[in-house]
Each structure stands twice: as structure tokens, then as C-alpha cells.
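Here is the structure we will look at.
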Amino acid sequence: MLHLPTLIEAKRDGEELPPDQIRELIAAFTRDEVADYQMSALAMAVYFRGMSDAETAALTGAMLDSGDRLHWPEGTPVKVDKHSTGGIGDKVSLVLAPLLACTGHWVPMISGRGLGITGGTLDKLESIPGYRTDLAAGEILATLQTAGAVITGQTESLCPADKRLYALRDVTGTVPSRPLIVASIMSKKMAESLDRLVLDVKFGSGAFMRDEEQARLLAAAMVGVGERLGVRTSAVLTPMDQPLGEAVGNALEVVESVAALQGRGPADLVELTLDLAAAVADCPRETLAGCLRDGRAWEAFCRMVGAQGGDVGALETLAERHRAPFVADLKADRSGRLVRLDAGLIGRTCVQLGGGRRRAGDAIDYRVGMDRIVKTGTEVCAGDSLLRVHAATPGQLAEAVGALGAAAGIE
Ligand code: URA
């Protein structure tokens, strides 16, 4: 019989918890038999003491077993997915899922909302009128049968223990704990019953993990758990010091994704999408690149959006539909080479503009953000635009342009 105070004390004192006790704990938590204060105390003990690989695998398996998994009929295509730990302007999922679908894979992508300063795939897609992100398991399968890709939210029955534990971590200072992050992310990905998974682990000013070494340890832990649970898992580490692509903000990022799907995407976004897709695909990178150039990926995206209730006709007019009333340039204050464009500050400013949530449940303003973002390494002249800010009010516009002055470094 599980004695919670003893379990909490053991972790507090740095002991390794036996896997069967971890499984019992999560089963009891899912049945509502563990008080929130006890689970929070345990999360804090894990935050300070960490977990071994065996403990992390047991926690991930237990969270996975707290709910249902997606089940696939016999003979369906190879199931693949990608997970990013989150960055600024990271819209890769919107391009990668249809790209893999049009080359014969199934992509059952369960995505999340914005977290902290990083944007969320579901929030971005919801800027498309009618697009549904609350599909039930049967609808997920039907969408895959029609479109080969689906991007939707966590259903009530997928990893309920993670949903509850995440809510506690969010308000108890225990989000940035490697074993807890690994178990949270990997349990949800394993519930998709995948054949292959690629992880994009970000590091830098706009990422969860500030330094490369921390990102490397997180990547190794996630790959280890994925492989233990029978999914071919790989990871790439990518810098997140400047935004990915040239747009940040919900509708602005969908507009940029549409451009990439039509073969007109910014080079960094396209290259990263192809690298990640090639890591799980059955076909060569060149075939994938061809699908972006010849319109097949775009057609697959339209099929997915339509199957999820979205207005396909609105996709090419989203910029007008979500046009922010106040737009201004951030200008270079001197001539030289742009050596820094701080992704973290850009992400925080986007949240301030209303493009992210400051509290759970806040409404998102799809119109706001930044576009025409110049990449570092570019030579600029004093007065050149470094990016354009889109705001809902003149006050917010002025504040954002003022704050963003500190984001740019020119030498
Ligand atoms: N995303 C998740 O789903 N869980 C975490 O713990 C961190 C990021």
C-alpha cells in the first residue's frame, strides 16, 4: 500500500523511487486519490533531486497508461511526428505535417497552446475561421484517412495525469524540471502510437533551455525514453537566439506557413522543416523539397484544414482578415551588420501585444506580432527597417517599438 508521506520524504532525501511505486502513485493521482499539495510537494522534490533514467521511464509509462492511446487499423501508413520544445516564430509543424502526409505518411499530431513566451500551434491554426482543434479519437482517424495529417489538441482521455500534473507544475515553480518535462512531452507523443518521432530541442534566449548543454541533456533523456517505449526517436538541437522565419504572431505565422507550403518560404524555416521531416520520412530530403516547390504540400495542407472544419478559401486572405490597425517599423539606429535580434524579447513583446496569454484562458489577438524580420548577419543602413510591428492600439504599438529597440545589436 502506497504511503505518500514516505514516498515524498524518500525523493526529498534524494532516493531513487521504485518503478512500481511511481506507477501506483500516478494511478492513484489519476483516480483523484492524491491531494494536490502532496503531488506538488513531490514535484518540487523531483525538481531539486531529479530522477534516474529508470524513474523517468516509469513516470512516462505511468502517465501514458493514465488514459487512452490512439489506435490504428491494420495496414495503415507509417505514423510519424515531430515535437519541438518551443521557440519564437516556430511554425514548422504547420508545414511539416502536410509535407509528410503528401509523401505517404500519417501524421497524428497532438499539439499544444502557447506556453510562456513561445507560441502554440493550436492558437496559430485557430486564426483560420472554422478550424477545429478539439477532435475526438474517431475524428482524428477520419481526418487522417482524408488528409494524411491532423493537428489537434489533447483529448480528455489522452494522458489525463499529465494534464493535471502540468496544471500543478505551472503554478508551483516546477515546470523546468528535466524528468517532469520528459515524462510530460513523451507520454503525450507515445499516446499517438507512432512508429517514428523526431524532436527539435531548442536552446537560446527564446527557448526553454538557455544553453546547449541543457538542451543536449533534455534531448538525450527524451530519446532514451522514446526508444525504451519502442518508438524510433531522434533529436536535433537548434538555436533559438533569433526568431525562426520572418514572422512572429498567430495569423502572421500562418501567412508565412502558407508561403512556405507554396514554395515561397524563408530559407531558415524551409531548411529546418526539411531536416526534421527527412529524419522520420521514408523518402529522400530532395523528394520532400520537391513537394514544397510543386504545390503538393500546399494541397495536403488545404485537405487537412478542410477536414478539420477550416475555411480553405480564407487561407490566402488571412493577412487582410486579421490586419492589425496600427503598423510601424523598428528602424536600425546605425549602419553595420545585424549581429543580434533577441528572440526572447521579441516573444515577450508579442505576448504584451496580445499575441499570447498572460493568464490561462486569456483571449488571443490573432492580428498582432511582427513580420518582415531581418535575419542576423545582414548588413543594414541607419533607418532601414529591422522588422514591422502589428498592434491593436497606438499605445501598444509605441510601447512595443520602444521595447524592441533593445532587441537589436548592430556592429
Ligand atoms: N511541454 C509539455 O507538454 N510539457 C512540459 O513539461 C513542457 C513543455
Side-chain angles (χ1 to χ4, degrees), residues 53 56-57 60-65 67-85 92-112 121 135 137-155 157-159 162 182-201 218-236 272-289 291 296-297 300-301 303-304 307-308:
D53 290 350
T56 309
T60 311
M63 303 235 283
L64 173 61
D65 291 340
D68 299 333
R69 300 177 195 205
L70 298 175
H71 292 289
W72 310 119
E74 279 294 308
T76 47
V78 172
K79 266 68 67 183
V80 298
D81 196 7
K82 180 254 359 169
H83 179 82
S84 160
T85 55
V92 167
S93 294
L94 278 67
V95 187
L96 173 137
L99 176 58
L100 285 164
C102 75
T103 46
H105 310 84
W106 268 13
V107 190
M109 193 181 279
I110 306 290
S111 269
T121 299
L135 304 188
E139 294 172 307
I140 292 175
L141 179 59
T143 305
L144 287 169
Q145 281 161 336
T146 308
V150 61
I151 307 182
T152 185
Q154 191 177 355
T155 68
S157 62
L158 285 188
C159 304
D162 169 65
V182 171
S184 170
I185 291 175
M186 294 305 285
S187 60
K188 282 177 289 204
K189 286 291 140 183
M190 296 299 111
E192 295 175 1
S193 306
L194 299 171
D195 297 298
R196 297 173 206 150
L197 172 67
V198 61
L199 301 159
D200 179 9
V201 183
L218 179 62
M222 289 200 286
V223 169
V225 167
E227 293 283 338
R228 260 176 195 248
L229 294 174
V231 176
R232 201 186 91 187
T233 310
S234 58
V236 295
L272 179 57
T273 304
L274 290 173
D275 287 348
L276 292 166
V280 288
D282 280 323
C283 56
R285 195 177 189 282
E286 193 37 52
T287 306
L288 296 164
C291 293
R296 272 183 291 163
F301 183 69
R303 274 196 297 279
M304 179 186 84
Q308 293 192 226

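- Side-chain atoms of E192 do not come within 3.5 Å of backbone N or O of D81 as any donor-acceptor pair.
- Atom CG in L100 sits 4.5 Å away from atom CG in L96 (nearest 0.5 Å).
- Closest heavy-atom contact between A300 and C102: CB-CB, 3.9 Å.
- Atom CG of L141 is separated from atom CG of L70 by 9.0 Å, given to the nearest 0.5 angstrom.
- A donor-acceptor contact shorter than 3.5 Å links the side chain of T152 to the backbone of L135.
- Between the CG atom of D65 and the CE atom of M190 there is a distance of 12.5 Å, given to the nearest 0.5 Å.
- Considering every non-hydrogen atom in both A279 and V198, the closest pair reads CB-CG2, 3.7 Å.
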Inset, instruction - Might you work through the side chain to side chain contact (heavy atoms under 4.5 Å, CB included) test for V92 and S84, ending with a clear yes or no? - result: CA-CA 9 Å; V92 167; S84 160; over 6 Å; no
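- Smallest separation of non-hydrogen atoms from L274 and A289: CD2-N, 3.6 Å.
- In this structure, W106 and T76 approach most closely via the heavy-atom pair CH2-CG2, 3.4 Å.
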Inset, instruction - Could you go through the side chain to side chain contact (heavy atoms under 4.5 Å, CB included) check for M109 and K189 one step at a time? - result: CA-CA 8 Å; M109 193 181 279; K189 286 291 140 183; 4.2 Å; yes
Inset, instruction - Could you check R69 against L64 for side chain to side chain contact (heavy atoms under 4.5 Å, CB included), going step by step and ending with a plain yes or no? - result: CA-CA 8 Å; R69 300 177 195 205; L64 173 61; 3.5 Å; yes
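- Put simply, CG on L99 and OG on S93 are 12.0 Å apart, with the number rounded to the nearest 0.5 Å.
- Looking at heavy atoms from C-beta onward, H83 lies out of side-chain contact with D200 at the 4.5 angstrom threshold.
- Using a 4.5 Å heavy-atom cutoff, the side chains of T103 and C291 are in contact.
- The main-chain N or O of G153 is never found under 3.5 Å from a side-chain atom of S111 such that the two would form a donor-acceptor pair.
- The shortest side-chain heavy-atom distance between S187 and V225 does not fall under the 4.5 Å cut-off.
- Contact record, G226 with T233: CA-OG1, 3.4 Å, taken as the closest heavy-atom pair.
- Looking at heavy atoms from C-beta onward, V150 lies out of side-chain contact with V107 at the 4.5 angstrom threshold.
- A 4.5 Å side-chain heavy-atom check between L199 and V236 finds every atom pair outside the cut-off.
- Here the straight-line distance linking atom CD1 of I185 with atom OG1 of T85 works out to 6.5 Å at 0.5 Å rounding.
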Inset, instruction - Under the side chain to side chain donor-acceptor pair (under 3.5 Å) rule, what do S193 and K79 come out as? Steps first, then yes or no, please. - result: CA-CA 8 Å; S193 306; K79 266 68 67 183; over 6 Å; no
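- Between V80 and H105, the closest side-chain pair of non-hydrogen atoms falls below 4.5 Å.
- The CG atom of L288 sits 4.0 Å away from the SG atom of C283 when rounded to the nearest 0.5 Å.
- At least one donor-acceptor pair closer than 3.5 Å links the side chain of T60 to the backbone N or O of T56.
- None of M186, R232, M222 except one satisfies the side chain to side chain contact (heavy atoms under 4.5 Å, CB included) rule with L197; the exception is M186.
- Contact of the W72 side chain with the P108 side chain is registered, since non-hydrogen atoms from C-beta on lie closer than 4.5 Å.
- Under a 3.5 Å cut-off, the side chain of T143 and the backbone N or O of E139 do form a donor-acceptor pair.
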Legend entry - Steps toward salt bridge (Lys or Arg N to Asp or Glu O under 4.0 Å) verdict (D275, R285): CA-CA 7 Å; D275 287 348; R285 195 177 189 282; 2.8 Å; yes
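- Contact detail for A147 and A101: the closest heavy-atom pair is O-CB, 3.5 Å.
- The shortest side-chain heavy-atom distance between V231 and D195 does not fall under the 4.5 Å cut-off.
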